[in-house]
Structures are given as C-alpha cells and as structure tokens.
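What follows is one structure encoded as structure tokens, with my remarks underneath.
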Amino acid sequence: MRKLRVLKWALKAICRNPTRTFLTTLGIVIGIAAVISLMEIGNGARETLAKNIANMGVNTIRVWPGTITRSGVSSGSSGRANITLNDVNAILKGCPSVVAVSPVVNVRGQIIYGSKNWSPFSIIGVNDRYMEIANWSIEEGEPIGERHVVRGSKVCLVGATIVRELFDGESPVGRDLRIQNVVFKIIGVLKSKGANMMGFDQDDTVIAPWTTVKMRLRGAGSTSLSSTSTSSSTTTATSTSAFYVGSLDLYPSSSSSNRPPVRFANVDSLIIAAPDQTKVNDAVAEITEVLRESHRLAPENDDDFRIRTMAEFSEFFTSQTETITNLLLCVAFVSLLVGGIGIMNIMLVSVTERTREIGLRMAVGARGSDILKQFLVESIVICMLGGLLGIALGHGLSVMMTVLMHWPSSVSYGAIVLAVGVSAFVGVVFGYYPAWKAARLDPIEALRYE
C-alpha cells in the first residue's frame, strides 16, 4: 500500500504542471524515438541484405582468371591466364566439398523481338547446373538441359524485365528472340529476383547454353562439345599445357570421334556451389590446390586466378550497415543524455518549489528515505512516460519511411525492451541527485523556506 501511495503522489505531482512535464520528457521522447526507428530500419536493411545474399547464393564461389607471370615478369592487367574446361573437370574430380560447377561466358549486345529492342544488363552462357548453383527457379517453361549444352542449341531463358519490356507481360515461351542477329528460341522464363544488394536488376538478363554463346555470339569458332557437360568425366578441351607451359598448341588435332577441333576453350569465369555455407572455406582451399596443380604453378609462384565468395560480400556489407547504424545510435544516445540532464534540472526546480511541502512531510513523520523514494519515483515515471511515447513515435516513423520512401524495416522487440530499460535507467541516474538533495533537507529550515 505504501508503494501504491508513493506512485499516486508521484502522478499527482507530475499532473500539477502537464505542459512542463511534457517539455521535460521531450528529450527522452526524441531520443527513444530515434533509437527505435534506427533499430527497426537497420534490422530491415540487414534482413534485406541477408535475403539478397541468399538469392545470390551464400554457398557460391566465383573463380576469375588472374594475371600471368612468365620468367619473373608479371603481365599485369594486360594479360590474363585462362580458365578452361580442364579446370572444370579437375575441380569436380578433386574437390569433395564442391557439388556443382558451371562455366560462365559473358557477352554484351542488343536483343530484338518484332519491332522492339532492348539492351539487357547481362547476357550469359552457362551449363545445366547453373540454375541449381544460383538458387534460381523457372517461372514458366523448362530450364536449360545437358542436351542443350552438348548440342550448342540456340535456346535461352529470359528474366521478368525482358518479358515486361519486349513482350508486354505476355508469355514469351516458344517465341524467337534475336541476339546479335542470331535467333534463339525462348524455352523458359526465370522467376523474378528483383535487384541485388548492389542495386542491379537481376531480372534484366538472358541465359543461354555457354557453348552456344561461345560459338555464336563471341565469334570464337567451333568448340568441341564432347567436354561441355560438367557431369562428364572426360574432356577434349585444350590441354593446360597449351596455356601454362609456354606451348602455343591452340589448335590440337581432331579427336577420333571426328568432332571439330577445340578452339579457344577458355571461359570468362566459373561459378561453383558448396554443399552449404559451412563448407565454403573448405571448398575454397580445395579449389585453390586443384587449380594450382592444374595450372602447374610452382610453390613460389602466385595464383594466376582469383577466388571470391559471397561470404566476403556479406561480411563487408554487414559491417558497413552495422557501422552506420551504430554511429546513428550514438547520436540518439546523445539526445537521451540531453533529455536526462533536462529531467535532472526540472527535478531540482521541483525540489526548490516544494521545499515547504517536504518540510511539512518530515514534520509529520516522513523519513528521508520516504522523500528520496517519492522524488525518485517521480523521475522514473516521467522517463517511462517519455519512453512509451518515444516507442510509439519511433515505430510510426519507421512505418512512414517504409510507406513513403520504401525503406525496409522490421519490428525490433529487443530495441523496445532496451528503450524501456534505458528510460528507467535515465530516470534513476538523473533523478537520484535531486531526490537525495530533497531527502537531506532540514525540516525546520524547509518549513521556514519562502
């Protein structure tokens, strides 16, 4: 009952001057609102980032050609070592932590359908395992199969942006699409992925068999198709010695199967899938070892290839997001500090104004601890009210940002609990000194105070 009475007296004292109480709590309201809105927007950004990385494949690894060093002289950016089909098969055979590999060949160009044309963000050639590696599915039609890659079929998949721009949203499956004056048949539509974490439209793409892209769109001549399927255990691609031992044997003789000779069987990059995110580092170590052996690099030589994983991008962007969020939170806590000083100031004023009341309470039997408790509860209640208003305002701001500016946000229950705790803490810290000062007043002097 005494605790309830103390709370009742505190509420009565606060309600005596509601305008002053509101202005006192304004600093706490602004600080808590800033903390809540920033935490919710930061959580939304992290969730969006995680989703984008998951769409791009958290277990994927990319391998690009690097520079060549011959006789101690580095070719720098002007010369690049080749990633070949031999490397694809070597990785599949020698890397237990790898489940799938796809060569990637990139081209640029204009696509045409009827009287409409469009320049897509990317036109890439891949194999039949690419969709699995990239965690991409088909909205309509069928994916690129092994038979398409082996035969060099002129078929392709298109993204949602291509469907919207060239086909007005109608189904393009079965229609012909001209890419660099080469006619491809559309066999499927990719499921929409939206923008990636760097803002590029992933749906603005055309995907075709890499053998077709290499032969038809890159003008690289004929390519032996007996080794294009990564699931095959044999290959007739150009030997690694053609590239890494100084030999110029770029045109080996035809195989006994009477297929055309291999010509420039290098690819732009490789995309590789590990079983899960925990196996990525093991896969990178195995790929490095296999490629160094395949390229016949001496122990003292640097790698002539570059390996990157999505984990690196994830850590970089996550650290940047957390740094910005923490910086803004520091600004918000400064606002809380200013609000706390304002509460201390107003409580000191309140003690001065109520000196005779304090003396009267002590004269009728109130102890110093009772006076201390009363003013401390008043301070805590003021801060808690400010905290509740700040939570409502902060959540409203994050929702408004989502609606008006399309910023992602996510409710942070941890931030709400933190805000309540910080409000009570501020009330105790900045309200203790005024309450202590009131509790130490001399009753006789307090009664004489004018």
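The analysis underlying the following values was restricted to heavy atoms, covering all of them including side chains, and did not include hydrogens, waters or symmetry mates. The structure displayed is predicted, hence computed values, not measured ones.
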Specify the closest pair of heavy atoms between Ile28 and Gly339, including all atoms of both residues, with the distance to one decimal. CD1-C, 4.0 Å

Checking Asp203 now: which residues fulfil side chain to side chain contact (heavy atoms under 4.5 Å, CB included) with it, not counting sequence neighbours? Trp136, Ala160, Thr161, Ser192, Lys193, Asp201

Please work out whether the ring planes of Tyr113 and Phe167 are parallel, tilted or perpendicular, with thresholds of 30° and 60°. tilted

Looking only at non-hydrogen atoms, find the nearest pair between Ile111 and Pro120 and report the distance. CG1-CD, 4.0 Å

Quick one: which of Val63, Val104, Asp268, Val88 gives a side chain to side chain contact (heavy atoms under 4.5 Å, CB included) with Ile83? Val63

Have Ser102 and Arg129 got a donor and an acceptor in their side chains that come within less than 3.5 Å? no

Check against side-chain contact (heavy atoms from CB on, under 4.5 Å), Thr309 and Thr60: CA-CA 6 Å; Thr309 66; Thr60 58; over 6 Å; no

State, without any angle test, whether Ser122 and Thr205 hold a side-chain donor-acceptor pair at a distance under 3.5 Å. yes

Would you give the length of the straight line joining atom CZ of Phe375 to atom CD1 of Ile380, rounded to the nearest 0.5 angstrom? 14.0 Å

Charged N to carboxylate O below 4.0 Å: is that the case for Glu170 and Arg175? yes

Treating Asn127 as the side-chain partner and Val101 as the backbone partner, does any N or O pair qualify as donor plus acceptor under 3.5 Å? yes

Are more than 12 heavy atoms from other residues, nucleotides or ligands located less than 6.0 Å from atom CD of Glu293? no

Would you find a donor on one side and an acceptor on the other, under 3.5 Å apart, between the side chain of Thr402 and the backbone of Ser398? yes

I'd like a table of donor-acceptor pairs (distance under 3.5 Å, sequence neighbours excluded) in which one partner is a side-chain atom from residues 176-191, with atom names and distances.
unit_1: Arg178; atom_1: NH1; unit_2: Asn181; atom_2: OD1; d: 3.2
unit_1: Gln180; atom_1: NE2; unit_2: Arg108; atom_2: O; d: 2.5

Under a 4.5 Å cut-off applied to non-hydrogen side-chain atoms, are Met384 and Val420 in contact? yes

Taking all heavy atoms of Ser379 and all of Ile343, pick out the closest pair and write down the distance. OG-CG2, 3.7 Å

Lys437 side chain to Tyr432 main-chain N or O, any donor-acceptor pair under 3.5 Å? no

Keeping the roles fixed (side chain from Thr25, backbone from Gly386), state whether a donor-acceptor pair exists under 3.5 Å. no

Heavy-atom side-chain proximity of Thr211 to Arg216 below 4.5 angstrom: no

Below 4.5 Å, heavy atoms only, C-beta onward: do Arg20 and Ile346 meet side chain to side chain? yes

Checking side-chain polar atoms at under 3.5 Å, does Glu286 have a donor or acceptor matched by the opposite partner on Ser97? yes

Between the OG atom in Ser37 and the CD1 atom in Ile32, the distance rounded to the nearest 0.5 Å is 10.5 Å

Nearest atoms (heavy-atom pairs only) where Ala274 meets Asn59: O-ND2, 2.6 Å

Would you mind reporting whether Trp118 and Asp204 have side-chain heavy atoms less than 4.5 Å apart? yes

Any heavy-atom pair between the side chains of Asp128 and Pro143 that's under 4.5 Å? no

Does CG in Asn281 sit with more than 12 non-hydrogen atoms of other residues, nucleotides or ligands closer than 6.0 Å? no

With a 4.5 Å limit on heavy-atom distance, are the side chains of Ile61 and Ile271 in contact? no

Would you indicate whether the side-chain heavy atoms of Leu85 and Trp210 approach each other to under 4.5 Å? yes

For a side-chain contact (heavy atoms from CB on, under 4.5 Å) check, start with the C-alpha distance between Trp436 and Leu376, then their side-chain angles and the critical distance, and finish with the verdict. CA-CA 9 Å; Trp436 175 81; Leu376 195 58; over 6 Å; no

To the nearest 0.5 Å, how far apart are CD1 in Ile36 and NE2 in His395? 10.0 Å

Could you give the distance from CG (Leu291) to CZ (Arg296), rounded to the nearest 0.5 Å? 14.0 Å

Could you walk me through whether Asn106 and Ile123 satisfy the side-chain contact (heavy atoms from CB on, under 4.5 Å) test, starting with their C-alpha distance in whole Å, then the side-chain angles of each, then the deciding distance to 0.1 Å, before giving a yes or no? CA-CA 6 Å; Asn106 301 285; Ile123 302 174; over 6 Å; no

Minimum heavy-atom separation for Pro275 and Val99, please, with both atom names. CG-CG1, 3.8 Å

Does Arg147 form a salt bridge (charged side-chain N to carboxylate O under 4.0 Å, His left out) with Glu142? I'd like the steps, not just the answer. CA-CA 13 Å; Arg147 67 183 187 281; Glu142 63 173 313; 3.2 Å; yes

May I ask you to say whether Arg292 pairs ionically with Asp304, meaning some side-chain N is under 4.0 Å from a carboxylate O? no

A quick test of your reading: do over 12 heavy atoms of other residues, nucleotides or ligands sit less than 6.0 Å from CD of Gln110? yes

Can you tell me how far apart OG (Ser409) and CD (Glu40) are? Round to the nearest 0.5 Å. 6.0 Å

Intermediate values then yes/no, side-chain contact (heavy atoms from CB on, under 4.5 Å), Lys116 and Ile112: CA-CA 6 Å; Lys116 297 181 179 181; Ile112 301 171; over 6 Å; no

Test item: side-chain donor near acceptor, His295 and Asp303, under 3.5 Å: no

If we only count heavy atoms from C-beta on, is the Asp168 to Arg164 side-chain gap below 4.5 Å? no

Which heavy atom of Ser294 sits nearest to which heavy atom of Asp87, and what is that distance? OG-OD1, 2.8 Å

Roughly how far apart are Arg308 CZ and Ser269 OG, rounded to 0.5 Å? 13.0 Å

